[in-house]
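Below is one structure, written out as structure tokens; comments come after it.
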Amino acid sequence: LRTNCTREHRTHITMLSHTHVYLKRIIPPSCRCMSTSVSATPSASAGKAILHEKQLNNGVTVLARDAYVESVSLKVAVSSGSRHERENEKGAAHLLSVAAFAGTQNRDGLRLMREIENYGFSVGVEAGREKTVYSIRSVPEFASDAAAILTEVILSPPKHSYLIKERMPVAEYDYHLRQSSPQLALTEMLYEAAYGEGTPMGSSCYATKLSKLHMDDVLAFRNRHFTSPNLTVAADGMSLAELEAIGTAFGEGEYKAITESPYCGGVVRRAVDFKGQIHAALAFPAAHGANGKAYAVLHTILESRLAAKTKGDNKGCLKSFHIQNSDSGLVGCYTATQSKQSTEDLLALTINELKEIASKVDASAAKTKLSLLSASALDGGDDAATLLLSAASQGISLSQIGNYSNVTNEEVSAAAAAILKSTPSYAVLGNTFGVQPYHSVCSMMR
């Protein structure tokens with residue numbers, strides 16, 4: 001790789017992963033072109049970060065980690081996930097995410113991407129069940145330009161709807177990955193079991209047949225949800241005043257309340273050939289927001305115990321998980337084995353550990369671990385902005401991020417006891433013949 005380096009224009013290349021190269025261009029002041037008034041000049045001194053949160057008059061929520069940084073991370077979360085889609089819009093959120101930089105009303109995708117590459121920005125979009133998150137990363141000198149690009153992309157869809165439709169092959173590739181990945185497929189099944197088929201949270205993030213999705217419906221979905229009250233702006237390396245300027249640029253809009261999708265529990269089984277493997281997931285309802293901290297501690301304890309108990313047993317893979325949504329949560333485990341007996345043994349181990357935790361537990365080590373993980377994320381970068389967005393979506397004050405000191409041993413035990421009394425969600429994928437039935441799993445919990 002050759003770079004033409006001079007004193008006036010030097011290109012630094014940083015390898016951040018096996019597949020991504022980020023270019024940071026240092027350009028003489030006379031060549032710089034700032035497109036907004038935001039300049040990314042944090043008021044916090046080097047080494048000291050200050051957290052800010054505020055809801056603006058137009059409904060936009062802004063979250064700032066004001067600190068000296070070498071690169072600014074800006075994220076905008078839009079409440080436009082698959083749970084917000086109507087039946088005829090299924091797949092719209094995902095398709096819009098892959099077409100995010102296909103162009104705007106003012107410029108086409110090629111011109112947009114050339115500007116992004118010229119500045120050396122790193123961009124990304126991720127669509128989920130509850131939100132779509134747009135992200136951009138830049139050196140502080142060009143944070144204003146990065147903010148202007150992200151604002152334009154969110155406010156302005158491509159000039160022609162066919163530009164979105166042209167991205168369908170990219171979306172279909174993601175569909176192929178989902179079908180070939182047992183982990184992704186099992187996750188979709190688990191949500192269906194937990195919240196019910198066809199419900200906002202229980203329905204798939206993907207369209208049943210993407211080719212039947214009409215662009216008019218996609219744009220109607222976008223227009224309905226891409227409004228200022230549905231936006232949350234988070235940044236690492238920018239001040240509150242700078243984020244207020246960005247949030248204000250989104251104008252006025254109407255808030256769209258989410259449709260409730262309560263937990264119900266149940267079972268979903270699908271026979272698919274994954275080379276004889278059995279993939280199973282067992283989940284239970286968990287509290288969300290500040291009340292969900294006991295479940296986060298519970299998951300950390302369970303994760304540690306299961307790893308210790310399964311080390312070297314060769315029965316298969318067993319991993320615990322804790323999913324936090326804006327109005328609900330799930331805690332449980334995934335298994336991947338070659339035999340139905342191994343699947344049953346690993347599920348039984350998980351339930352037995354929950355019973356022990358419900359009886360008595362010392363949560364001090366788990367609380368310390370969670371606090372350290374939060375502190376590490378708040379050191380800066382994409383993890384910091386992501387953590388701020390996560391806290392906001394659950395209604396947790398930024399001042400309480402990483403604070404697990406008030407979670408007692410009794411609360412953790414009570415969370416485990418509540419799980420054992422709940423209706424479980426059970427999903428099995430692969431060679432399902434003869435695998436432990438749902439009523440047997442329920443019996444183990446009693």
Side-chain angles (χ1 to χ4, degrees), residues 80-95 97 126-132 171-172 174-210 212-213 221 258-274 277-288 295 319-336 343 347 350-351 419 422-433 435-442 445:
S80 62
S82 61
R83 76 174 297 174
H84 305 92
E85 296 169 340
R86 296 169 180 170
E87 185 176 355
N88 60 312
E89 299 168 344
K90 185 52 63 179
H94 178 256
L95 180 58
S97 72
E126 184 177 356
R129 271 185 163 72
E130 295 200 288
K131 58 183 179 289
T132 301
E172 287 171 346
D174 285 349
Y175 280 53
H176 172 72
L177 290 179
R178 176 179 67 95
Q179 292 172 351
S180 60
S181 169
Q183 183 81 23
L184 293 176
L186 194 63
T187 299
E188 294 296 312
M189 293 170 58
L190 188 61
Y191 268 94
E192 182 180 330
Y195 296 98
E197 182 180 9
T199 63
M201 289 294 286
S203 60
S204 174
C205 290
Y206 306 93
T208 304
K209 193 169 182 61
L210 185 61
K212 291 186 176 181
L213 182 61
F221 169 80
I258 62 173
T259 303
E260 291 187 2
S261 188
Y263 177 91
C264 60
V267 60
V268 177
R269 299 166 69 105
R270 289 185 188 136
V272 182
D273 183 13
F274 282 117
Q277 292 181 341
I278 303 170
H279 298 268
L282 184 62
F284 313 94
H288 65 285
Y295 288 84
K319 294 182 179 180
S320 63
F321 62 83
H322 179 216
I323 302 171
Q324 295 173 299
N325 301 311
S326 63
D327 57 356
S328 64
L330 294 173
V331 64
C333 67
Y334 286 112
T335 70
T343 299
L347 293 178
T350 302
I351 292 174
I419 280 175
S422 69
T423 302
S425 299
Y426 184 41
V428 185
L429 178 69
N431 183 18
T432 61
F433 181 78
V435 177
Q436 190 173 19
Y438 182 67
H439 68 81
S440 177
V441 174
C442 294
M445 295 170 58

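In this text, all values refer to a predicted model and were calculated from it rather than measured experimentally.
- Donor-acceptor pairing under 3.5 Å is recorded for the side chains of Ser328 and Tyr195.
- With a 4.5 Å cut-off on side-chain heavy atoms, Cys333 and Leu347 count as touching.
- Smallest separation of non-hydrogen atoms from Ile278 and Asn431: CG1-O, 3.4 Å.
- Of all non-hydrogen atoms in Leu184 and Leu177, the two that sit nearest each other are CD1-O, 4.1 Å.
- The shortest distance between side-chain heavy atoms of Ser82 and Lys90 falls below 4.5 Å.
- Listed for the Tyr426 side chain is no donor-acceptor partner under 3.5 Å among the backbone atoms of Arg269.
- For the salt bridge (charged side-chain N to carboxylate O under 4.0 Å, His left out) test, residues two or more places apart in sequence or in another chain that qualify with Arg270 are Glu192.
- Taking the side chain as every heavy atom from C-beta outward, Cys205 and His94 never approach each other to under 4.5 Å.
- Residues Phe221 and Leu213 are not in side-chain contact: their nearest non-hydrogen atoms beyond the backbone lie 4.5 Å or more apart.
- Scanning all heavy atoms of the two residues, the minimum distance from Thr432 to Ala271 falls at OG1-CB, 3.7 Å.
- Under the rule for a side chain to side chain contact (heavy atoms under 4.5 Å, CB included), the partners of Gln277 that lie at least two apart in sequence or sit in another chain are Phe274, His279, Gln338.
- Tyr334 and Thr187 share a donor-acceptor pair across their side chains, judged by distance under 3.5 Å alone.
- Shown here for Gly266 and Tyr438, the closest heavy-atom pair between the two residues is O-CE1, 3.5 Å.
- Looking only at side-chain heavy atoms (C-beta outward), Asp327 and Arg83 come within less than 4.5 Å of each other.
- Ile351 places a side-chain heavy atom less than 4.5 Å from the side chain of Leu282.
- Within the 4.5 Å cutoff, the side chain of Asn325 has heavy atoms near those of the Glu130 side chain.
- Listed for the Thr132 side chain is a donor-acceptor partner under 3.5 Å among the backbone atoms of Ser80.
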